[in-house]
Amino acid sequence: MIKDELTTLIEKAIKKAQRKGDLPKYESPPVTVERPKQAAYGDYSTNIALQSARLARKSPMDIAAAIVKRLPKADFIGLVDIAHPGFINFTLDAGWLARQVEAIRAAGERWGNVDIGQGRRVQVEYGSANPTGPLHVGFGRNVVIGDTLANVLAAAGYQVQREYYVNDAGTQIQLFGRSLYARYAQALGREAELPENGYRGQYIVDWAQEIAAMAGDKYLRMDYEEAVQALADLGIREKALGSVRADCERLGIIYDHWFSERSLYTDGTFDHVMSLLRQGDHLELREGAVWFKAAELGGDKDEVLIRSTGEPGYFASDIAYHYDKFITRGFDWVIDVWGADHQGHVPRMKAMMRALGLDPERLTLLIYQLVTLKEAGEDVRLSKRAGTMVRLSEVLDDVGPDAVRFFLLANAIDSQMDFDLTLAREQSQENPVYYVQYAHARIASILRHAAEQGWTAERYADGDVSLLNHPSELTLIRKMLELPEIVEMAARNLAPHHLPHYAQDLAATFHAFYRDCRVVSSDPADEELTKARLKLVEASKITLARVLGLMGVSAPERM
RNA sequence: GCCCCCGUAGCUCAGUGGACAGAGCGGCGGACUUCUAAUCCGUUGGCCGCAGGUUCGAGUCCUGCCGGGGGCGCCA
């Protein structure tokens with residue numbers, strides 16, 4: 001990447017300046033190259049002269065001059081200038097810029113890839129909710145963040161696995177089974193009451209009726225506990241996960257692996273991990289329960305693993321689960337995408353890593369702030385058990401997957417967001433996603449028009465991109481060249497919101513080019529320029545499609 | 001009480017310690033006989049919550065306060 005090459009050149013220049021005596025000998029701070037906010041300051045800029053002033057005991061302006069004097073030549077550097085109080089600004093060479101159009105076309109759908117992952121294996125686990133009902137819209141943020149991040153990390157050179165953790169064990173599942181049983185019995189005309197704190201949602205009634213219609217009174221004839229277990233299983237596998245899978249598919253999300261919590265208990269992982277913890281002296285029996293001594297490992301308090309009833313809790317499963325991720329499956333890095341309501345669990349997870357002898361840095365608990373749902377400005381209270389929830393699928397019906405993904409992606413994960421259903425329905429037409437998609441459709445339209453005029457790809461294959469020197473053309477190329485940097489930034493900071501912002505920026509730059517530069521000309525004198533511009537337009541299409549693809553948003557050929 | 005996140009234009013939000021703080025929406029005024037006007041151009045609009053501190057330089061880092069959200073269970 002240009003940014004890195006530039007950094008290297010500047011480092012070399014500093015060393016050389018020191019060798020030649022232009023600069024005193026001192027340990028240079030790390031060179032950082034950034035993109036200035038103002039276009040007038042060029043494409044890249046470094047503040048290294050300012051950083052070094054004290055160490056070199058020279059004025060920043062003098063240091064900058066010494067560095068620039070010794071800067072090695074490079075084909076991509078057009079202009080280097082020094083600006084007060086000591087910035088060194090670089091402007092890319094116009095000819096080099098134009099040539100990058102060919103580089104983008106050659107890279108095709110790989111354009112934007114970087115290699116900071118170097119093939120390291122990372123697992124992104126997201127979406128994992130109790131499979132006891134349909135996904136509600138708040139969870140949309142979880143799956144959209146997780147899935148987009150997985151895309152970004154794959155583009156950044158990681159080997160990525162997408163996983164859904166199926167919580168098919170534990171007390172909530174019991175409760176779910178009992179609730180389903182009650183509704184099932186009712187569906188068959190029996191008297192039955194929902195358990196206390198049972199799941200009250202209408203969807204349980206619907207599912208119970210479907211099961212009754214299919215299986216008749218089969219479960220009533222079984223032993224109650226057996227029937228509850230069987231119904232819970234059926235409900236999870238056929239109903240709940242089915243609806244999760246369907247919602248995800250509409251959002252373009254396909255998991256590589258669905259991991260069963262219960263399998264940890266049936267395959268011996270859980271017992272093995274418990275004995276490891278016991279050997280490490282991380283467990284303690286207190287008041288009939290087994291505690292994990294998290295406090296002495298940096299947790300904020302000790303945690304119950306196995307309740308006095310003998311039932312393991314959720315955290316116990318989590319330890320076994322992460323043992324499986326790191327030790328059994330050997331992931332280098334694991335990212336769990338969690339809502340802010342789980343933020344308090346971070347310290348105990350880190351403690352768990354230490355107890356297993358693993359570097360806590362290898363586990364990232366990515367916390368996003370919750371989505372508050374509104375209906376015409378009013379808060380909507382959400383509870384799966386109480387049955388008051390807005391299903392993700394309903395919002396997908398109303399607004400469409402592209403707008404939902406774009407909207408949920410646009411904010412930094414640290415900022416809480418309101419999702420006003422009324423507003424979303426009304427304003428879905430104003431969603432910026434259409435602005436970006438429109439740019440793509442417009443490009444497709446230009447290429448169609450060109451083809452109709454006889455400008456097939458073969459006919460402009462010999463186009464000379466060095467003819468591209470209009471300011472709007474060069475601005476567009478510059479913007480496209482940012483893509484790898486955006487991918488890198490999004491990957492390093494686990495910050496997918498950079499993508500929609502960049503996408504809008506890119507679309508705006510394209511629209512400006514479209515305004516200023518006629519692509520397909522009927523004037524024979526413009527034939528060569530038309531060819532070059534068609535290549536530019538093609539590169540724009542590649543770039544736009546790539547960023548949309550990373551966001552999981554479709555890139556339409558027409559609108 | 002303690003812990004985490006946020007507070008930037010009327011609204012929704014960007015802003016990797018740098019150079020005059022940006023975008024979209026909204027408001028106002030313009031541009032379709034031309035490859036898609038779901039577009040473009042102009043304009044309006046800011047004690048970056050408040051108070052200190054660190055730094056050559058703070059919207060960005062630190063401390064305190066105020067306001068909003070989330071958490072602190074033998075629930076998940």
Report summary line: Picking from B/A37, B/G71, B/C25, the nucleotide nearest the side-chain atoms of A/Arg442 would be B/A37
Query raised in the report: Phosphate oxygens OP1/OP2 of B/A38: is one of them under 4.0 Å from a side-chain N or O of A/Tyr438?
Result: yes
Query raised in the report: Which one, B/C6, B/G71, B/C35, comes nearest to the side chain of A/Asp414?
Result: B/C6
Query raised in the report: Among the nucleotides B/G59, B/C74, B/G70, which one has an atom lying closest to any side-chain atom of A/Ala340?
Result: B/G70
Report summary line: A/Leu370 atom CG is separated from B/G71 atom C1', nearest whole Å, by 10 Å
Query raised in the report: NA contact type, A/Arg518, heavy-atom cut-off 4.0 Å: base, sugar-phosphate, or nothing?
Result: base
Query - Centroid separation A/His345 to A/His342 less than 6.0 Å - result: yes
Query raised in the report: How would you label the contact of A/Tyr368 with the nucleic acid (heavy atoms, under 4.0 Å): base, sugar-phosphate, or nothing?
Result: nothing
Requested in this report: May I ask you to verify whether the side chain of A/Gln38 and the base of B/C20 hold a donor-acceptor pair under 3.5 Å?
Outcome: yes
Query raised in the report: Which part of the nucleic acid, if any, lies within contact of A/His342, taking any heavy atom under 4.0 Å across all strands shown: a base, the sugar-phosphate backbone alone, or nothing?
Result: base
Query - Length of the CE-P vector between A/Met489 and B/A14, whole Å - result: 13 Å
Query raised in the report: Between B/G70, B/A19, B/A14, which one does the side chain of A/Pro36 approach most closely?
Result: B/A19
Requested in this report: Report yes if at least one side-chain N or O of A/Ser415 is closer than 4.0 Å to OP1 or OP2 of B/A14; otherwise report no.
Outcome: yes
Requested in this report: Identify whether any heavy atom of A/Asn89 sits under 4.0 Å from a base atom; if not, whether one sits that close to sugar-phosphate; answer base, sugar-phosphate or nothing.
Outcome: base
Report summary line: Base orientation of B/C6, chi within 90° of 0 counted as syn, else anti, reads anti
Report task. Determine, for A/Arg533 against A/Glu473, whether the closest basic-nitrogen to carboxylate-oxygen distance falls under 4.0 angstrom. Result -> yes
Report task. Answer yes when A/Glu557 and A/Lys541 have at least one side-chain N-carboxylate O distance shorter than 4.0 Å, and no when they do not. Result -> yes
Query raised in the report: Can a donor-acceptor pair under 3.5 Å be found between the side-chain atoms of A/Thr171 and the base atoms of B/A76?
Result: no
**Report entry** B/G59 to B/A9 separation - P atoms, rounded to the nearest Å
**Finding:** 15 Å
Report task. For B/U39, give its Watson-Crick or G-U wobble partner with both distances under 3.5 Å, or none. Result -> B/A31
Query raised in the report: How far, in whole Å, is B/C61 from B/A19 if one measures between their P atoms?
Result: 15 Å
Query raised in the report: Can the ring centres of A/Tyr126 and A/Tyr164 be said to be less than 6.0 Å apart?
Result: no
Query - Distance test, side-chain N/O of A/Tyr314 to OP1/OP2 of B/C74, below 4.0 Å - result: no
Query raised in the report: At under 4.0 Å between heavy atoms, what does A/Arg558 touch on the DNA or RNA strands: base, sugar-phosphate, or nothing?
Result: base
Query raised in the report: Phosphate oxygens OP1/OP2 of B/C41: is one of them under 4.0 Å from a side-chain N or O of A/Arg515?
Result: yes
Requested in this report: Identify which nucleotide among B/C74, B/G69, B/A19 has an atom closest to any side-chain atom of A/Gln416, counting heavy atoms from C-beta outward.
Outcome: B/G69
Report task. Determine whether any donor atom in the side chain of A/Ser308 lies under 3.5 Å from an acceptor atom in the base of B/C74, or the reverse, and answer yes or no. Result -> yes
Query raised in the report: When the P atoms of B/C20 and B/C66 are considered, how many whole Å apart are they?
Result: 34 Å
Report task. Could you check whether A/Gln51 gets within reach of a base, just the sugar-phosphate, or nothing at all, counting any heavy atom under 4.0 Å? Result -> base
Query - Nearest-Å distance once atom C1' is located in both B/G22 and B/G46 - result: 11 Å
**Report entry** Check ion pair A/Glu303-A/Lys301 (N to O, under 4.0 angstrom)
**Finding:** yes
Requested in this report: Calculate the interatomic distance between A/Glu34 atom CD and B/G15 atom P; express it in whole Å.
Outcome: 15 Å
Query raised in the report: Which is it for A/Phe87 and A/Tyr41 under the ring-ring contact (aromatic ring centres under 6.0 Å, His included) test, yes or no, and what are the steps along the way?
Result: CA-CA 9 Å; A/Phe87 294 102; A/Tyr41 296 128; 7.5 Å; no
Query raised in the report: With respect to the phosphate group of B/U34, does any side-chain polar atom (N or O) of A/His449 fall under 4.0 Å of OP1 or OP2?
Result: no
**Report entry** Pairwise P distance, B/G70 and B/C50 [rounded to whole Å]
**Finding:** 25 Å
Requested in this report: Between B/U44 and B/C35, how far apart are the P atoms? Round to whole Å, please.
Outcome: 33 Å
Report task. Mind checking A/Lys301 for me? I need base, sugar-phosphate or nothing, with any heavy atom below 4.0 Å counting as a touch. Result -> sugar-phosphate
Query raised in the report: Does A/Asn47 put a side-chain nitrogen or oxygen below 4.0 Å from OP1 or OP2 of B/G18?
Result: no
Query raised in the report: Looking for any heavy atom pair under 4.0 Å, which part of the strands does A/Ala53 touch: base, sugar-phosphate only, or nothing?
Result: nothing
Requested in this report: Hey, which sits more toward the 5' end of RNA chain B by its nearest nucleotide, A/Arg35 or A/Gln343?
Outcome: A/Arg35
Query - Donor-acceptor pair between A/Tyr460 and A/Glu528 side chains, under 3.5 angstrom - result: no
Query - Whole-Å P distance, B/C28 and B/U33 - result: 24 Å
Query raised in the report: Taking any strand in view, what nucleotide pairs with B/C72 in a Watson-Crick or G-U wobble way, both distances under 3.5 Å?
Result: B/G1
Report task. Check the distance between B/C75's P and A/Tyr199's OH and give it to me in whole angstrom. Result -> 14 Å
Query raised in the report: For the base of B/A76, is there a side-chain donor-acceptor partner from A/His345 under 3.5 Å away?
Result: yes
Requested in this report: Grab the CD1-P distance between A/Ile413 and B/G70 for me, whole Å please.
Outcome: 18 Å
Query - Residue from A/Lys479, A/Arg478, A/Arg35 passing salt bridge (Lys or Arg N to Asp or Glu O under 4.0 Å) with A/Glu485 - result: A/Arg35
Requested in this report: Select base, sugar-phosphate, or nothing to describe what A/Ala412 touches, counting heavy atoms under 4.0 Å on all strands.
Outcome: sugar-phosphate
Query - Who pairs with B/G67 - Watson-Crick or G-U, where each distance is under 3.5 Å - result: B/C6
Report summary line: Whichever of A/His84 and A/Gln369 has the more 5' nearest nucleotide on RNA chain B, that residue is A/Gln369
Requested in this report: Go ahead and name the base partner of B/G45; Watson-Crick or wobble counts if both distances stay under 3.5 Å, otherwise write none.
Outcome: none
Report task. Run the ring-centre check on A/Phe513 versus A/Phe510 and record whether the distance is less than 6.0 Å. Result -> yes
Requested in this report: Output yes if the stacking criterion (under 5.5 Å between centres, under 30° between planes) is met for A/Phe87 over the base of B/G18, else no.
Outcome: no
Query raised in the report: Mind checking whether A/Ile10 and A/Phe90 have side chains closer than 4.5 Å, heavy atoms only?
Result: yes
**Report entry** Distance-only donor-acceptor test (3.5 Å): side chain A/Lys37, base B/G17
**Finding:** no
Query - Sugar-phosphate only, base, or nothing, as touched by A/Glu287 at under 4.0 Å among non-hydrogen atoms - result: base
Query raised in the report: Is the aromatic ring centre of A/Tyr435 closer than 5.5 Å to the centre of the six-membered base ring of B/A38, with the two planes inclined by less than 30°?
Result: no
Requested in this report: For B/C48 versus B/U34, give the span between their P atoms, rounded off to a whole number of Å.
Outcome: 47 Å
Requested in this report: Using a heavy-atom cut-off of under 4.0 Å over every strand shown, decide if A/Glu261 touches base, sugar-phosphate, or nothing.
Outcome: nothing
Report summary line: Rounded to whole Å, CG of A/Asn411 lies from P of B/C13 at a distance of 5 Å
